[in-house]
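Following: one structure in structure tokens, then a few remarks.
From a predicted model like this one, the values you see are computed outputs, not experimental measurements.
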Amino acid sequence: MKDSAFVGTGPAGARQGQGPRRRRASAAALVRALLIAAGLVTVYYVLPLDGRLAGGAAAVLVCGLLLVVVVFWWEVRAIVDSPYPRLKAVEALAATLALFLLLFAGAYFLLEHSSPGSFSEPLTKTDSLYFTLTTFATVGYGDIAARSQTGRVLTMFQMAGGLVLVGIAAKILAGAVQAGLRRQGREPAEEFPRGRRAER
């Protein structure tokens, strides 16, 4: 009876208790990532982007890119302070990627409506998002193409930004995860060398 009274009070019991908590945190992170993406897509479709503003595409792009940078750095700080940095990084990537893609979709839509003929066919919001995703995924079906110089410059900016997002931003997020793990004393990379030194 004494042994059963102490089940779950030692390190092994603490680890067992972390399993359900981690699963709940994983599910919550996944739901939040999906809600963020769904919310941003909803805002994109609800916003009255009618192209009446002169230079609207450029203004949306500049303000949106600044917003992406602000959101990204805020998310990086949140990852470091999070009890589950890896899960928080998934949320950060979902928010940053969705915002980046929808920003360019909005810019393409505004450009086509303020300067008709900028693309090979008139763009609806869905067409603009489709063109954005095919450009980001480097699929390039060719059914929609930028014809104007402004459209091509915007598309090149998206290509370059996508490379930065996949390369540099992903590296920054990985660094934030490592910093968050170090903050909790849970970095696996440090445990192995310590064990090797102890064996010597």
Side-chain angles (χ1 to χ4, degrees), residues 26-76 78-79 87-173:
S26 298
L30 179 61
V31 168
R32 280 194 300 270
L34 291 173
L35 287 176
I36 288 168
L40 288 171
V41 170
T42 302
V43 168
Y44 167 73
Y45 276 102
V46 168
L47 277 178
L49 301 175
D50 54 13
R52 286 181 295 188
L53 294 174
V60 165
L61 192 60
V62 171
C63 294
L65 285 175
L66 290 174
L67 181 61
V68 168
V69 171
V70 169
V71 168
F72 180 75
W73 282 113
W74 181 79
E75 291 285 1
V76 167
I79 289 168
L87 298 178
K88 189 64 182 173
V90 172
E91 285 182 54
L93 190 58
T96 305
L97 183 59
L99 191 56
F100 176 81
L101 293 174
L102 292 170
L103 161 68
F104 276 94
Y108 294 139
F109 180 81
L110 281 173
L111 177 63
E112 175 60 26
H113 283 257
S114 60
S115 302
S118 293
F119 294 86
S120 54
E121 62 179 72
L123 299 181
T124 64
K125 286 186 177 180
T126 301
D127 293 331
S128 301
L129 186 54
Y130 166 81
F131 177 71
T132 305
L133 287 171
T134 57
T135 302
F136 179 78
T138 66
V139 176
Y141 293 123
D143 50 349
I144 300 176
R147 283 186 171 168
S148 70
Q149 294 298 301
T150 306
R152 289 177 178 176
V153 168
L154 274 179
T155 306
M156 287 189 291
F157 268 117
Q158 187 200 332
M159 291 173 185
L163 292 173
V164 169
L165 191 64
V166 169
I168 298 173
K171 188 172 182 179
I172 292 172
L173 288 178

- Message: Return the CG to CD distance between Leu173 and Glu75, rounded to the nearest 0.5 Å.
- Response: 8.5 Å
- Measure from the side-chain N and O atoms of Glu91 to the backbone N and O of Ala33, and report whether any donor-acceptor pair falls under 3.5 Å. no
- Any pair counted as side-chain hydrogen bond (donor to acceptor under 3.5 Å, both in side chains), so long as it reaches residues 149-170, sequence neighbours left out: Tyr108-Gln158
- Message: For the backbone of Val139 and the side chain of Thr134, can you confirm whether one donor and one acceptor N or O come within less than 3.5 Å of each other?
- Response: no
- To the nearest 0.5 Å, how far apart are CG in Asp127 and CZ in Phe119? 10.5 Å
- Message: Please give me the minimum heavy-atom distance between Leu123 and Glu112, naming the atom from each residue.
- Response: N-CG, 3.5 Å
- Task: Output yes when a side-chain donor or acceptor of Ser114 lies under 3.5 Å from a complementary backbone atom of Leu111, and no otherwise.
- Result: yes
- Note on the structure: Closest heavy-atom pair, Ile79 versus Ala92, reported as atoms and distance to 0.1 Å, is CD1-CB, 4.0 Å
- Query: Do you know the tightest heavy-atom contact between Ala29 and Leu87?
  - Reply: CB-CB, 3.9 Å
- Would you sort out whether Ile172 and Ile168 count as a side chain to side chain contact (heavy atoms under 4.5 Å, CB included), showing the intermediate values? CA-CA 6 Å; Ile172 292 172; Ile168 298 173; 3.9 Å; yes
- Query: Are the side chain of His113 and the backbone of Pro122 linked by a donor-acceptor contact shorter than 3.5 Å?
  - Reply: no
- Item | Separation of Leu102 CG from Ser128 OG (nearest 0.5 Å) | 11.0 Å
- Task: Identify, with sequence neighbours excluded, every residue that meets side chain to side chain contact (heavy atoms under 4.5 Å, CB included) alongside Phe157.
- Result: Phe104, Val153
- Does Lys125 reach the main-chain N or O of Tyr44 with its side chain, forming a donor-acceptor pair under 3.5 Å? yes
- Task: Check Leu40, Thr132, Leu165 against Leu101 for a side chain to side chain contact (heavy atoms under 4.5 Å, CB included) and give me the one that passes.
- Result: Thr132
